[in-house]
Amino acid sequence: MSSLPVLVLNSGSSSIKFSAYEAANGSRKKLFEGAVDGIGTENGKFWIKDADGNKKLDQTRDLPSRAVAFKLIADELHSGDVPAPAAIGHRAVCGGPTIKENQLITPALIDEIESYQALAPLHTPIGVYIMREALKLFPGIPNFAVLDTYFHRTIPEVASRMPIPDEWVAMGVRRYGYHGISYESIIMQLEPNVPEKLIVAHLGNGASISAIRNGQCLDTSMALTPSSGIISGTRTGDIDPGILIFMLKKIAETKPNALDAADALETIVSKKSGLLGVSGTSNDMRDLRTAINAGNAGARLAVDKFNWTIARWIGSYVAELGGLDMLVFTGGIGENDIDARAEICSGLGALGIKVDAKRNNVRGEATISADDSPVTVRVIPPAEDLIIVNHVVRLLSK
Ligand code: ADP
């Protein structure tokens, strides 16, 4: 294959990240990267860095809508300052029950992904919008959907099946798992020495954790939607389903329309709970650390609950894997919050997890376990864009 520029588009709930790589045989060279962040605010950021990481552009903009945000990117991509892409890779958070493989994007595929937007309500609406816009922006250039759910296709039925009747299963209710592109990127970075028994904790604004055997996913904490599993910035994580029924009945007293009641419930479950809900202060770990230092008890409880949930999950995955060789922290909190890593691991000595305080005193890539720790503990930043490029190159060569 001759060298070709691949554009990556990765949208979050309020941001669109983009990057381009020159892909040739085994080599990948970053050309540029950028983001439009803070969509829906007057103080959004639009920045671009060149291949050497120097800021080419750094603006504060009024970003009332995703359309305004994407137009900034589209204008830049058409400015002639950057090479036109030969192919485009999109992060697709959830393909639902029918789309299991990474594949070429067609209008019909976008409609299908959109039909399951209730499964990833913070991500899919903006994701499908960008897919449609990208098809118009570069006519004739192939666009590919790379799924966060793809990595989890190996989960055995005992973990993917929900304890519910078949009729709900037939409607697509099962464990899909999320953050799969991040997990794939950790495996890629560990190759060729991927440990047999591995746990990866992706701790960002959204947080999940996976048990991985020989590089294949065995189990993951997020299930039908990213609201499940461990507590996140604004999402509940796993809670008693009876809470939802109890609250739905309360909400129905003022919102008898079922869809209105469901929307009200969804707002609480995915936008107002988690670290934000427990602390009553913020969903952002940096704010919570500042609040803890100022003696805020709610912030302390929220972070304690976050650590406690993750430690319990690690324990259950050690049981599922039948032991543990390596624990990896990734995501914004996993990479940067030294205290969270220490606090999570502090009670896990019985599982062979022993963190060295000095080695843990870092941000970014490091091995943080003690020399005599039976389990290796590492911090590895994700490389999601590279995984998207790799899938695009693989699909193009088919
Ligand atoms: P997203 O899921 O939006 O991609 P990120 O992976 O960027 O999220 O992680 C965001 C989280 O990382 C926030 O809670 C933020 O506070 C936390 N974080 C980032 N830098 C630090 C830091 N230096 N110390 C503690 N937490 C941090």
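Source: prediction; values computed, not measured. In listed order, ligands and their atoms are each counted from 1.
Shown here are the ring pair (Phe, Tyr, Trp, His ring centres under 6.0 Å) partners of H90, two or more places apart in sequence or in another chain: there are none. The ring pair (Phe, Tyr, Trp, His ring centres under 6.0 Å) test applied to Y129 returns no partner, not counting sequence neighbours.
Look at R286 and D284 and you find a salt bridge, because one of the NZ, NE, NH1 or NH2 atoms lies within 4.0 Å of a carboxylate O, short of that distance. Under a 4.0 Å N-O distance rule, the pair E76/K56 qualifies as a salt bridge. Here R363 does not pair with D337 in a salt bridge; the nearest charged N to carboxylate O distance is not below 4.0 Å.
Around ligand 1, the residues contributing at least one heavy atom under 4.0 Å from the ligand are G204, N205, G206, D284, M285, R286, G331, G332, I333, N336, D337, R363.
Within the structure, ring-ring contact (aromatic ring centres under 6.0 Å, His included) contacts touching residues 29-64 (residues at least two apart or in different chains) do not occur.
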